[in-house]
Amino acid sequence: MNTIQLKAPAKINLGLDVLRKREDNYHEVKMIMQTIDIYDILTFSETEETKIQFESNDPGICSEKDNLVYKAANLLFQKYNPATGVSIHLDKHIPVAAGMAGGSTDAATTLIGLNQLWELGLSTEELQKLGVTLGADIPYCIMRGTALSEGIGEILTPLPPMPDCFILVAKPPVSVSTKYVYENLHANELKEHPDVDGIVEALERNSLSGICDRLGNVLETVTLPLHPCIQDLKDLMTANGALSVLMSGSGPTVFGIYNDQDAVKKSAALCKKNNSQNRVFISRPVEALQS
Ligand code: ATP
């Protein structure tokens with residue numbers, strides 16, 4: 001019986017724009033996605049008993065059947081009727097409900113892992129088609145790296161990798177519901193939009209300063225007024241050497257981009273000192289998965 005262990009990486013958004021709310025209530029987005037090296041670890045062990053078992057080190061995570069890992073495994077299980085079952089362990093490190101696509105990356109990595117374990121022979125595109133039925137960000141989490149994400153998140157264009165840098169990630173001790181944030185965004189009345197095309201051009205020029213000059217996220221208009229601790233973290237990073245700072249996704253996670261290792265370490269220590277319940281990580285950009 002085989003066992004496979006895989007890392008499921010988190011993402012941040014270098015740019016997040018909402019173009020409009022569609023008639024079907026989905027939001028049309030234009031986002032720059034970037035994978036970073038903060039990971040959950042998933043272990044898939046084949047079992048003789050043909051069923052799916054799921055457990056996690058995080059007692060706070062939602063129950064077995066509601067978990068995206070279970071849902072992704074069950075999707076493949078029902079469709080391909082494998083000869084063996086699987087026992088899945090999720091070692092959770094990515095903060096939950098933080099704007100870092102933690103659940104989506106776990107689901108994406110489950111599709112990748114079980115495709116290997118059960119030798120299903122599915123292509124990346126086939127896995128992405130299955131993944132989007134569980135969540136709009138899952139196709140991106142299968143591909144990883146730097147990408148432009150459009151439509152409801154399912155239209156993906158790979159972009160040149162982000163220039164290497166230090167990315168300080170700080171998650172304050174508040175939770176934000178992505179659903180709430182989108183429901184309270186007045187998408188059709190937004191006056192300012194981030195320069196997402198400019199970020200694409202900066203990536204093509206390999207210009208870190210060009211990216212930093214243009215970071216922007218329209219969801220800050222909803223989440224920042226709710227949680228002043230987010231602006232506090234942004235100010236702290238800006239005052240301590242960050243080239244640029246932004247909230248990721250629907251928040252509340254804040255990230256700062258640095259090119260100086262001493263400055264990023266000092267800022268990380270200050271984020272912890274500011275509130276010992278802040279979860280703080282020093283990370284780097286990760287490139288796309290080779291398929
Ligand atoms: P996004 O950036 O895609 O909006 P997020 O980082 O804000 O996502 P998640 O960590 O994915 O949020 O969690 C959102 C909700 O999904 C949680 O409240 C949780 O109940 C549910 N969920 C299901 N499966 C998982 C999982 N494997 N890890 C974390 N959350 C999960």
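Atoms within each ligand, like the ligands themselves, are counted from 1 in listed order.
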Is it the case that the side chains of [Y] and [X] hold a donor-acceptor pair, with the cut-off being a distance below 3.5 Å and no angle test?
X: Tyr140; Y: Thr35; value: yes
X: Tyr182; Y: Ser250; value: no
X: Ser209; Y: Arg214; value: no

Decide whether the shortest distance between a heavy atom of Gly103 and an atom of ligand 1 is less than 4.0 Å. yes
With a 4.0 Å cut-off on heavy atoms, is Lys11 in contact with ligand 1? yes
Counting only N and O atoms by type, is there a donor-acceptor contact under 3.5 Å from the side chain of [X] to the main-chain atoms of [Y]?
X: Asn13; Y: Leu16; value: no
X: Asn115; Y: Leu122; value: yes
X: Asn67; Y: Ile61; value: no

If you apply the rule side chain to side chain donor-acceptor pair (under 3.5 Å), what do you find for Asp40 with His93, and how did you get there? CA-CA 5 Å; Asp40 289 341; His93 301 282; over 6 Å; no
Part of Ile61 with heavy atoms under 4.0 Å of ligand 1, whether side chain, backbone, both or neither: side chain
Could you list which atoms of ligand 1 come closer than 4.0 Å to a heavy atom of [X]?
X: Thr178; value: 4 (O), 7 (O)
X: Asp137; value: 3 (O)
X: Leu90; value: 27 (N)
X: Met100; value: 2 (O), 6 (O)
X: Asp106; value: 26 (C), 27 (N), 28 (N)

Taking [atom] as the reference point, the nearest protein heavy atom with its distance:
atom: atom 7 (O) of ligand 1; answer: Gly99 N, 2.9 Å
atom: atom 24 (N) of ligand 1; answer: Leu68 N, 3.0 Å
atom: atom 10 (O) of ligand 1; answer: Ala97 N, 2.9 Å
atom: atom 17 (C) of ligand 1; answer: Val96 CG1, 3.9 Å
atom: atom 2 (O) of ligand 1; answer: Ala101 N, 2.9 Å
atom: atom 22 (N) of ligand 1; answer: Cys62 SG, 3.7 Å
atom: atom 28 (N) of ligand 1; answer: Lys92 NZ, 3.0 Å

Surrounding CD of Glu119 (heavy atoms of other residues, nucleotides or ligands, distance under 6.0 Å), is the total greater than 12? no
Quick check on atom 15 (C) of ligand 1 - does any protein heavy atom sit closer than 4.0 Å to it? no
For atom 20 (O) of ligand 1, state whether the nearest protein heavy atom is under 4.0 Å away. yes
Between CG of Leu68 and CG of Leu75, what distance do you get to the nearest 0.5 Å? 11.0 Å
Got an N/O contact under 3.5 Å between Ser250 and ligand 1? no
Testing Asn259, Ile211, Leu215 for side chain to side chain contact (heavy atoms under 4.5 Å, CB included) with Leu243, which one passes? Asn259
Qualifying residue for side-chain hydrogen bond (donor to acceptor under 3.5 Å, both in side chains) with His89, from Glu55, Gln5, Gln53: Glu55
